[in-house]
Amino acid sequence: MARFLIGKVLVRDHADGCTSGRIVETEAYPPGDSSSHAFRGETPARRSMFLRPGHGYVYLAYGACYCFNVSSEPARIGAGILIRALEPLEGVPLMRRRRGTDKLRDLARGPGRLAAAMAIDRDLDGIDLCAKGPLWLAASAHPTGAVGASTRIGISREAHHLRRFYERGSPYVSGPRRLNGA
DNA sequence: AAGAAGATTCGCT
DNA sequence: GCGAATCTTCTTA
C-alpha cells in the first residue's frame with residue numbers, strides 16, 4: 001500500500017480554494033510494528049487507524065505539527081501509511097500563503113509541512129479518502145518514476161526496516177541524501 | 001500525580 | 001548541527 005500510493009494524487013477541497021499534489025514519499029506502519037501508533041490497541045485518538053483501508057488518520061506530532069496517514073488494513077486491524085511529501089500541483093499560491101514561504105520545494109516536503117500546505121487537521125480525521133469530498137485520493141495523469149526504499153525517518157524503535165518509499169530523483173522528497181540514494 | 005518521549009519544524013550558530 | 005516550542009500518550013511512583 002505504501003508503494004502503491006506513490007504517484008497518486010491527494011486533493012484538498014476547501015472554502016479558500018482547491019489544492020492538490022502528487023505523493024512522492026510514504027512510510028508504512030504495519031500491524032505488529034512497535035513504532036506504530038496502533039501497536040498498543042485501539043483508543044479514541046487512534047481509532048481511524050482501525051478503519052478499513054482508505055480512511056484518513058490525522059494526529060498532532062510534538063504538539064506542533066499535524067501528520068496525515070491512510071489506513072491500510074481491514075477493519076479492526078490497526079495500521080497506516082504516513083504521507084511524508086507531495087509534489088505540488090494545483091493551488092500553489094494558496095499553499096504558499098498557508099506555509100508562509102515562496103519556495104516551491106519546501107511547500108509539502110515533510111509530513112508537517114504537507115498538512116499545513118493542505119490545511120489538514122483533526123477535523124479531517126476518519127474521513128473516507130475514496131469518495132470525493134474535502135480530502136480524497138485520485139489517480140495521476142502522469143507516470144510514476146522508479147520507487148526507492150529506505151529506513152524510516154525520525155523513529156528509534158524498529159528502525160532497521162525498509163518501510164519508507166519515495167520516488168527516486170524527485171526534488172520534493174524529504175530526508176537526508178544518504179536515504180534517497182542513486 | 002509527575003515526568004519523559006515522540007512518525008516535526010523553524011530559527012540561529 | 002542544536003535547542004525550543006508545544007501537547008498527547010505512556011510510564012513510573
Side-chain angles (χ1 to χ4, degrees), chain A residues 1-6 8 10 19 21 23-51 53-73 77-88 95-127 129 135 137 147-167 170-180:
Chain A
M1 173 82 128
R3 197 179 274 273
F4 168 82
L5 286 173
I6 299 291
K8 301 298 180 291
L10 183 65
T19 52
I23 296 171
V24 294
E25 181 184 356
T26 61
E27 281 180 0
Y29 289 84
D33 188 321
S34 63
S35 66
S36 167
H37 289 179
F39 184 69
R40 290 163 216 290
E42 187 172 345
T43 68
R46 320 292 202 204
R47 86 193 131 76
S48 298
M49 290 194 87
F50 293 78
L51 299 175
H55 287 72
Y57 163 58
V58 181
Y59 72 93
L60 183 61
Y62 295 94
C65 309
Y66 288 104
C67 294
F68 169 69
N69 303 252
V70 181
S71 64
S72 57
E73 291 285 336
I77 299 177
I81 311 299
L82 173 67
I83 309 302
R84 287 195 58 93
L86 298 179
E87 172 185 337
M95 290 191 193
R96 287 192 162 122
R97 236 178 303 147
R98 286 172 176 158
R99 288 272 300 113
T101 179
D102 279 343
K103 300 172 74 173
L104 183 63
R105 184 166 175 255
D106 288 346
L107 291 182
R109 184 168 55 88
R113 292 166 170 177
L114 179 162
M118 301 287 276
I120 293 172
D121 62 17
R122 285 282 293 173
D123 289 349
L124 294 171
D125 184 61
I127 197 173
L129 302 166
L135 186 66
L137 286 166
V147 176
S150 82
T151 53
R152 293 172 291 184
I153 293 173
I155 62 167
S156 51
R157 312 174 69 128
E158 312 249 13
H160 63 286
H161 300 291
L162 297 180
R163 290 178 178 170
R164 171 176 173 269
F165 302 90
Y166 60 95
E167 185 174 57
S170 170
Y172 301 100
V173 167
S174 77
R177 191 162 45 256
R178 51 171 267 275
L179 290 187
N180 299 330

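Because the structure is a prediction, the values reported are computed rather than measured. The figures here come from the full heavy-atom set of this structure, side chains too, leaving out hydrogens, waters and symmetry mates. So you know, we letter chains A, B, ... as the sequences are listed, proteins then strands, and number each from 1.
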For this session: Quote, to the nearest angstrom, the P distance that separates C/dG3 from B/dA5.
Result: 14 Å
Seminar exercise, completed: Rounded to whole Å, the OH-C1' distance (A/Y57 to C/dT8) equals 10 Å
Problem set entry | Residue pair A/R163 / A/Y29, side-chain donor-acceptor N/O under 3.5 Å | no
Problem set entry | Heavy-atom side-chain contact between A/I23 and A/L137 under 4.5 Å | yes
Exercise. Just wondering, do A/R98 and A/T19 contact through their side chains at under 4.5 Å, heavy atoms?
Worked result: yes
Exercise. Can you tell me how far P of B/dA7 sits from CD1 of A/I120, to the nearest Å?
Worked result: 19 Å
Exercise. Tell me: CZ of A/R157 to P of B/dA4, nearest whole Å?
Worked result: 18 Å
Exercise. What string of B, S and - do you get for nucleotides 8-13 of chain B 5' to 3' if you count protein non-hydrogen atoms under 4.0 Å?
Worked result: BSS---
Problem set entry | Whole-Å gap separating C1' (B/dA7) and CZ (A/F165) | 15 Å
Problem set entry | Sidechain N-carboxylate O distance under 4.0 Å for A/D125, A/R47 | yes
Exercise. Would you say A/S156 reaches B/dG6's phosphate, i.e. side-chain N/O to OP1/OP2 under 4.0 Å?
Worked result: yes
Exercise. Given the rule in the side chain to side chain contact (heavy atoms under 4.5 Å, CB included) test, do A/L107 and A/R96 qualify, once you have shown the distances and angles that lead to the verdict?
Worked result: CA-CA 7 Å; A/L107 291 182; A/R96 287 192 162 122; 4.0 Å; yes
Taking N or O atoms only and anything under 3.5 Å, show me the protein contacts with nucleotides 10-13 of chain C, one pair per line.
from: C/dT11; atom 1: OP1; to: A/R40; atom 2: NH1; distance (Å): 3.3

For this session: With heavy atoms under 4.0 Å as the rule, sort A/A116 into base, sugar-phosphate or nothing.
Result: nothing
Exercise. Do A/R46 and A/Y57 have side chains that get closer than 4.5 Å, going by heavy atoms?
Worked result: yes
Exercise. CD of A/E158 versus P of B/dA5: gap in Å, rounded?
Worked result: 19 Å
For this session: For B/dT9, give its Watson-Crick or G-U wobble partner with both distances under 3.5 Å, or none.
Result: C/dA4
